[in-house]
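Working notes, beginning with the structure itself.
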Amino acid sequence: MLLPADNKAVSLLMEYKEYELSSNASLTVFGFISTGSNGTVPMAIKYTATLNEHVCNLGYGSIISINERTGETEIDDISPSGNNDTFAVLATVFRSVYAFTERHPDAYVLFGSSDPVKLRLYRMALTKNYSLVTETFDLFGAEHNASGQLSNVAFDPGAVVKGYFLKRTKLGT
């Protein structure tokens with residue numbers, strides 16, 4: 001399924017280009033092509049179930065392989081594409097969040113990184129676009145609780161957290 005660039009899934013980072021997205025039928029795997037200084041790099045965005053049935057983990061990166069029999073897509077979510085297109089990639093990823101939560105409105109989308117630079121980038125993008133994000137989503141920080149599990153906390157642009165949760169609001173449809 002191809003998601004048109006002119007649908008309601010407008011990018012948060014509107015001054016940046018977005019890449020054309022395709023997806024599987026359940027809108028849990030999206031594909032796009034990053035273009036830039038390293039040429040074209042096939043990329044994927046994956047939403048995977050976690051132990052908490054209401055939480056899906058968002059991962060994205062360069063495609064390593066696709067199993068032709070099962071369709072399972074393996075991605076490298078650590079190494080950057082090297083295409084100097086970070087904001088276009090983030091805008092494209094956000095568009096997938098909009099589409100995913102439109103299909104799965106009860107899901108909490110969790111995204112984070114073990115890389116503090118990536119987390120800082122996410123925090124800056126969310127802070128800069130806070131009013132636009134919160135028109136459609138509830139936004140939370142993700143912190144480890146006493147049991148060691150990630151739980152949502154109020155979003156604080158100055159807080160250093162382990163990641164972020166987005167939850168589609170009923171009014172933001």
**Message:** For Tyr122, give me all partners under ring-ring contact (aromatic ring centres under 6.0 Å, His included), at least two apart in sequence or on another chain.
**Reply:** Phe111

**Prompt:** Out of curiosity, Leu58 CG to Leu110 CG, how far, rounded to the nearest 0.5 Å?
**Reply:** 8.5 Å

**Message:** Whether the side chain of Tyr47 engages the backbone of Gly59 through a donor-acceptor N/O pair (distance < 3.5 Å, no angle test) should be reported.
**Reply:** no

**Asked** Are Val29 and Phe94 grouped together when hydrophobic residues (ILVMFWY) are joined by side-chain heavy atoms under 4.5 angstrom apart?
**Response** no

**Prompt:** Parallel, tilted or perpendicular: which fits the ring planes of Tyr164 and Phe155, with parallel below 30° and perpendicular above 60°?
**Reply:** tilted

**Request:** With sequence neighbours excluded, tell me which residues meet side-chain contact (heavy atoms from CB on, under 4.5 Å) with Asn83.
**Result:** Ser34, Ser37, Asn38, Val41, Ser81, Asp85

**Asked** Side chains of Ile33 and Thr35: closer than 4.5 Å at any heavy-atom pair?
**Response** yes

**Item:** Closest non-hydrogen atom pair between Ala44 and Thr73, with its separation
**Value:** CB-CG2, 3.9 Å

**Asked** Is there a path of hydrophobic side-chain contacts, each under 4.5 Å between heavy atoms of I, L, V, M, F, W or Y residues, that connects Tyr19 with Phe30?
**Response** yes

**Item:** Value rounded to 0.5 Å, distance of NZ in Lys167 from NE2 in His54
**Value:** 9.5 Å

**Prompt:** Under a single-linkage definition using a 4.5 Å side-chain heavy-atom cutoff for Ile, Leu, Val, Met, Phe, Trp and Tyr, are Leu21 and Met43 assigned to the same hydrophobic cluster?
**Reply:** yes

**Asked** In terms of the angle between their ring planes, are Tyr98 and Phe137 parallel, tilted or perpendicular, with boundaries placed at 30° and 60°?
**Response** perpendicular

**Request:** Considering non-hydrogen atoms only, spot the tightest contact between Phe100 and Leu27 and give its length.
**Result:** CD1-O, 3.0 Å

**Prompt:** Within the side chain of Lys128, is there an N or O that forms a donor-acceptor pair under 3.5 Å with the backbone of Arg123?
**Reply:** no

**Asked** Is the shortest heavy-atom distance from the side chain of Phe32 to the side chain of Ile45 under 4.5 Å?
**Response** yes

**Asked** Other than Ile66, which residues form its hydrophobic cluster under the rule that side-chain heavy atoms must be closer than 4.5 Å?
**Response** Ile63

**Complete:** Asn145 and Ser151 have their tightest heavy-atom pair at CB-OG, 3.8 Å

**Prompt:** Is there a side-chain contact between Phe165 and Val109, using heavy atoms and a 4.5 Å cut-off?
**Reply:** no

**Message:** With rounding to the nearest 0.5 angstrom, report the OG1 to NZ distance, Thr86 to Lys118.
**Reply:** 9.5 Å

**Complete:** Looking only at heavy atoms, the pair that brings Asp115 and Val117 closest together is OD1-N, 2.9 Å

**Item:** Inter-residue atom distance Thr169.OG1 - Leu139.CG, 0.5 Å rounding
**Value:** 12.0 Å

**Request:** For the pair His104 (side chain) and Ala99 (backbone), establish whether a donor and an acceptor sit closer than 3.5 Å, ignoring hydrogens and angles.
**Result:** no

**Complete:** Here the salt bridge (Lys or Arg N to Asp or Glu O under 4.0 Å) pairs for residues 38-56, sequence neighbours left out, are Lys46-Glu72

**Request:** Verify whether one side chain among Asn24 and Thr28 offers a donor that lies under 3.5 Å from an acceptor in the other.
**Result:** yes

**Message:** Quiz question: by atom type and distance under 3.5 Å, do the side chains of Ser96 and Tyr60 form a donor-acceptor pair?
**Reply:** no

**Request:** Verify, without hydrogens or angle tests, whether Arg103 (side chain) and Ala25 (backbone) share a donor-acceptor contact under 3.5 angstrom.
**Result:** yes

**Message:** Using a 4.5 Å cut-off between side-chain heavy atoms of Ile, Leu, Val, Met, Phe, Trp and Tyr, which other residues end up in the same hydrophobic cluster as Ile64?
**Reply:** none

**Request:** Treat each ILVMFWY residue as a node, draw an edge where side-chain heavy atoms are under 4.5 Å apart, and state whether Val161 and Leu90 are in one component.
**Result:** yes

**Complete:** Here the gap from Leu126 atom CG to Leu166 atom CG, rounded to the nearest 0.5 Å, amounts to 6.5 Å

**Request:** Spell out, yes or no, whether Tyr130 and Leu121 are grouped together once hydrophobic residues are joined by side-chain heavy atoms under 4.5 Å, including indirect joins.
**Result:** yes

**Prompt:** With sequence neighbours left out, what residues match Glu143 under side-chain hydrogen bond (donor to acceptor under 3.5 Å, both in side chains)?
**Reply:** none

**Asked** Taking atom CG of Asn129 and atom CD of Glu135, what is their separation to the nearest 0.5 Å?
**Response** 10.5 Å

**Message:** Has Ser147 got a side-chain atom pairing as donor or acceptor with Gln149's backbone, closer than 3.5 angstrom?
**Reply:** no

**Asked** Among Glu20, Glu18, Glu102, whose salt bridge (Lys or Arg N to Asp or Glu O under 4.0 Å) with Arg95 holds?
**Response** Glu18

